[in-house]
Amino acid sequence: MPAARGPTMADLASEVRRRRTFAIISHPDAGKTTLTEKLLLFSGAIQIAGSVKARKASRHATSDWMEIEKQRGISVASSVMQMEYRGAVINLLDTPGHQDFSEDTYRVLTAVDAALMVIDAANGVEPQTRRLLQVCRARNTPILTFVNKMDREVREPLVLMDEIERELGMEVVPFTWPVGMGKHFHGVMDLRQRQMRVFKAGQDRDRDDDEILAGLDNPAYAARFGTQYEQAEGEIALLTDAAPPFDRAAFLAGRQTPMFFGSAVNNFGVREVLDALVDLAPPPGPRAAMQRIVEPDEPKFSGVVFKIQANMDPAHRDRIAFVRVASGHFERGMRLRVARTGKELRPNTVVSFLSQRRELLDEAFAGDIIGIPNHGVLQLGDTLSEGEALQYTGLPFFAPELFRSVEVADPLRTKQLRAGLTQLGEEGAIQVFRPLAGSVLLLGAVGQLQFEVVAHRLEHEYGVKARILPSRFQVARWVTCEPEDGGAKELQRFIDANQHRVAYDAVDAPTVLVEYAPELRAIESNWPKIRFHALREHAGLVFQKQLEG
C-alpha cells in the first residue's frame with residue numbers, strides 16, 4: 001500500500017480558517033462555568049446540562065472534574081473542551097474564576113486567540129475582571145462581552161455599558177439589548193438581525209422553540225411588554241445615535257468589544273454569543289518564537305505546552321501536557337522533538353477533551369488543544385516540533401506573594417511528599433522551592449486557597465497528609481546575571497554569598513527569598529550586576545512590565 005499523504009497546503013489553510021480557540025474569563029460567581037456548559041449544550045456537544053448549583057447531587061458542571069471543585073462548587077483548574085458548531089471547530093478553555101488561581105489563567109490566555117468576558121449584571125466590573133483584562137490587553141486579545149443574570153434585579157444596561165468602557169478602557173458595541181430585568185425581563189433585541197428573542201425561564205435542554213419576533217419597533221411590543229419595552233426603545237434610539245459602529249479591526253486589536261445580554265442558567269442569549277464567536281473571533285494567527293514568526297498553515301507541526309495537569313484520571317496517576325498546536329498538522333505517532341532537551345517523543349495516546357471525558361485523537365491542526373500523557377518529560381513552556389529548533393515565548397510565572405513550609409505528618413511518607421510536590425510544581429498548581437540551606441520544602445502561591453488545594457490533593461491523590469506551616473519569607477525574586485556583567489560566575493558568587501536565602505524552583509531557576517521588601521532593596525543595591533525578576537518565562541527570564549500591572 002502507498003504511504004498515506006498528509007493534507008495539502010490548501011487543506012491546511014482551510015482547517016486553520018475554521019478553528020476558533022478562546023477562553024472564558026470572569027470574576028468568581030459571574031456565571032462563567034454555567035455559560036461554558038450552555039455553550040456546549042447549544043453546540044450539541046452535550047445533551048443535558050449539569051446544575052452547577054446542585055453540588056450535593058451527583059451531577060456537576062461538565063467542566064469541573066477535580067474532587068475539591070465538586071465539594072466547593074468552584075473551578076480551580078482550567079478545563080479544555082472541543083466542539084463543532086456551524087462548520088467551525090471550537091476549542092473552549094474554561095479558566096479558574098477564583099483570583100488565587102490567576103497564574104493558571106494567565107498561562108491559558110497565552111494559548112487562545114480570543115476571550116469571552118462574563119460580567120455579572122448586578123455587580124458590574126469586578127477586581128478579577130480588571131486584572132484579567134490587563135493581560136488580554138497586553139496581548140491585544142479580542143474580547144467579546146456577555147452580561148449575565150439579566151433575569152435578576154440588576155444594574156441598568158446603560159450604566160453597565162458606561163462602566164465597562166470607563167473601567168476597562170474599551171469601546172463597547174451592543175449587539176443585543178435587554179428588554180426589562182428581573183421579574184420583568186422579557187428578552188433581548190438583536191440589533192443586527194433586527195428581531196426580538198422572547199425570554200422563557202427554566203430551560204434545561206437545548207430546545208429550538210424560542211419565540212422570535214420580527215423588527216425592533218413592532219407595534220405589538222408596547223402592548224405586550226409595557227414600560228420595559230418603552231424604556232428599551234428609548235435606549236436603543238440613544239445607542240443608534242451615540243454608540244460607535246462595530247469596527248472589526250478595532251475588535252481584533254482588543255480596543256472594542258461586542259456586548260451581549262442574557263441569562264446563562266436559563267439558556268438565554270447563549271446562541272447569539274456562540275454565533276458571534278464563529279462570525280467574529282479570529283482563526284489562529286502567526287505566533288512568535290525566539291527564532292522567527294511561525295505561520296499557522298506551515299506544513300511542519302509545532303506546538304507549546306501551556307498547562308500540565310496531574311491525576312485527571314487518579315486510577316492511572318497520569319500527567320497530561322496540554323499543547324496548543326501553533327502550526328502544521330499533527331498525526332498520532334509522529335516523531336516530535338522537545339526543544340529544551342532535544343529528546344524525541346512519539347506519542348501514540350494523544351487525546352482531545354470534553355472536560356474529564358477524553359477521546360483518542362488521530363490528527364489536529366493549528367488552534368487545537370491536544371493532550372499528551374507523559375511522566376515528567378514535558379514541562380510548562382516546552383516547545384514541540386518536527387525537528388526545527390523553535391522556542392515559543394510568553395508563558396509567564398509570577399513571583400509568589402504567599403509562602404509556607406511543608407512537612408509530612410508521617411516521616412515514612414517523605415518520598416511520596418516530594419514526588420507529589422514535584423508533580424504539582426511541574427503542573428503549576430503551586431510553586432515549589434528547594435532551599436539551599438535546610439531540607440524543608442517551601443511552597444509559594446498567589447492566594448491562600450492554593451495551599452488548601454495542594455494539601456487536599458496530596459492527601460487524596462498521593463496518600464500523603466502534609467502539614468502546611470507558616471514561613472518567615474514574604475518576597476521572592478528570580479535572579480540572573482547578564483554575560484557582560486560576569487554571567488554565570490557572578491551569579492554563582494551571589495548564590496554562594498546568600499545561601500541562607502537562595503532556593504531553586506521546579507526548573508532549577510535560582511530564587512532569592514527575603515522577609516521584607518526593604519531587605520530586597522538592600523540586596524539589590526549591594527549586588528548591582530545581579531538582575532532581580534518578578535516574572536519568569538520558561539524560555540529564559542524575561543521582565544515583562546506590561547504583564548506585571
Side-chain angles (χ1 to χ4, degrees), residues 9-25 35-36 39 43 80-95 105-118 132-146 168-173 175 192 244-260 271-289 293-298 302-304 306 323-330 364-370 392-395 546:
M9 293 296 288
D11 291 337
L12 266 178
S14 173
E15 289 292 346
V16 170
R17 279 196 304 272
R18 71 190 197 102
R19 258 65 187 175
R20 302 289 185 273
T21 303
F22 74 98
I24 300 191
I25 59 175
L35 180 59
T36 300
L39 290 170
S43 72
V80 177
M81 288 145 278
Q82 188 179 75
M83 52 194 172
E84 287 202 37
Y85 179 72
R86 283 180 44 204
V89 177
I90 298 174
N91 295 292
L92 184 161
L93 285 74
D94 178 21
T95 61
T105 302
Y106 290 137
R107 288 193 283 267
V108 165
L109 289 174
T110 68
V112 300
D113 304 306
L116 175 57
M117 175 173 66
V118 185
L132 293 170
L133 257 293
Q134 287 174 347
V135 180
C136 290
R137 295 296 298 279
R139 302 180 60 83
N140 297 322
T141 304
I143 296 160
L144 295 95
T145 299
F146 180 72
L168 305 179
M170 305 172 73
E171 279 187 342
V172 174
V173 182
F175 274 48
R192 310 217 142 232
F246 176 66
D247 181 338
R248 184 165 175 79
F251 163 67
L252 293 176
R255 299 194 305 270
Q256 194 184 75
T257 178
M259 181 166 66
F260 302 83
R271 189 179 298 282
E272 286 85 351
V273 172
L274 199 50
D275 284 332
L277 282 164
V278 173
D279 295 335
L280 304 179
R287 292 179 78 82
I293 300 295
V294 180
E295 297 294 333
D297 55 0
E298 291 182 13
S302 68
V304 62
F306 68 93
V323 176
R324 153 73 190 233
V325 180
S327 68
H329 175 229
F330 174 84
F365 298 88
D368 287 341
I369 309 298
I370 62 175
Y392 289 108
T393 61
L395 200 74
Q546 79 269 25

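When a residue number appears, it is its place in the shown sequence, counting from 1.
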Under 3.5 Å donor-acceptor, R248 side chain and L280 backbone: yes
E272 with R192: basic N within carboxylate O range, under 4.0 Å: no
Check: I143 main-chain N/O paired with T257 side-chain donor or acceptor under 3.5 Å: yes
Parallel, tilted or perpendicular: ring planes of F175 versus F246, cut at 30 and 60 degrees: perpendicular
Donor-acceptor under 3.5 Å (R20 side chain, A281 main chain): yes
Nearest-0.5 Å distance, CD1 of residue I293 to OG of residue S327: 12.5 Å
Working for side-chain contact (heavy atoms from CB on, under 4.5 Å), residues V294 and Y392: CA-CA 9 Å; V294 180; Y392 289 108; 3.3 Å; yes
L252 to P142 - nearest heavy-atom pair and separation: O-CG, 3.5 Å
Nearest-0.5 Å distance that lies between atom CG in L277 and atom CD1 in I90: 6.5 Å
D11 CG to D297 CG distance, which is reported to the nearest 0.5 Å: 12.0 Å
Sub-4.5 Å side-chain heavy-atom contact between R18 and E84: yes
Flag, side chain of Q256 to backbone of A250, donor-acceptor distance under 3.5 Å: no
Side-chain heavy atoms of F22 within contact of L92, under 4.5 Å: yes
Note, R17 side chain near F365 side chain (heavy atom, < 4.5 Å): no
Derivation and outcome, side-chain contact (heavy atoms from CB on, under 4.5 Å), residues L93 and T21: CA-CA 8 Å; L93 285 74; T21 303; 4.1 Å; yes
Minimal non-hydrogen separation, A115 against T141, with atom names: N-CG2, 3.9 Å
side-chain contact (heavy atoms from CB on, under 4.5 Å) between L116 and V273, intermediate numbers included: CA-CA 9 Å; L116 175 57; V273 172; 3.7 Å; yes
Straight-line distance of F251 CZ to M170 CE, nearest 0.5 Å: 8.5 Å
Sub-4.5 Å side-chain heavy-atom contact between M117 and F146: no
Full working for side-chain contact (heavy atoms from CB on, under 4.5 Å) between I369 and F306: CA-CA 10 Å; I369 309 298; F306 68 93; 3.8 Å; yes
Smallest separation among heavy atoms of V16 and P284, with atom names: O-CD, 3.3 Å
Salt-bridge criterion met for D279 and R86 (N-O under 4.0 Å): yes
Nearest-0.5 Å distance that lies between atom CE in M81 and atom CG in L39: 9.5 Å
Heavy-atom side-chain contact between C136 and L109 under 4.5 Å: yes
Distance-minimising heavy-atom pair for A326 and A366: O-CB, 3.7 Å
From R287 atom CZ to R324 atom CZ, the distance as rounded to the nearest 0.5 Å: 4.5 Å
Backbone of R19 reached by a side-chain donor or acceptor of N91 within 3.5 Å: no
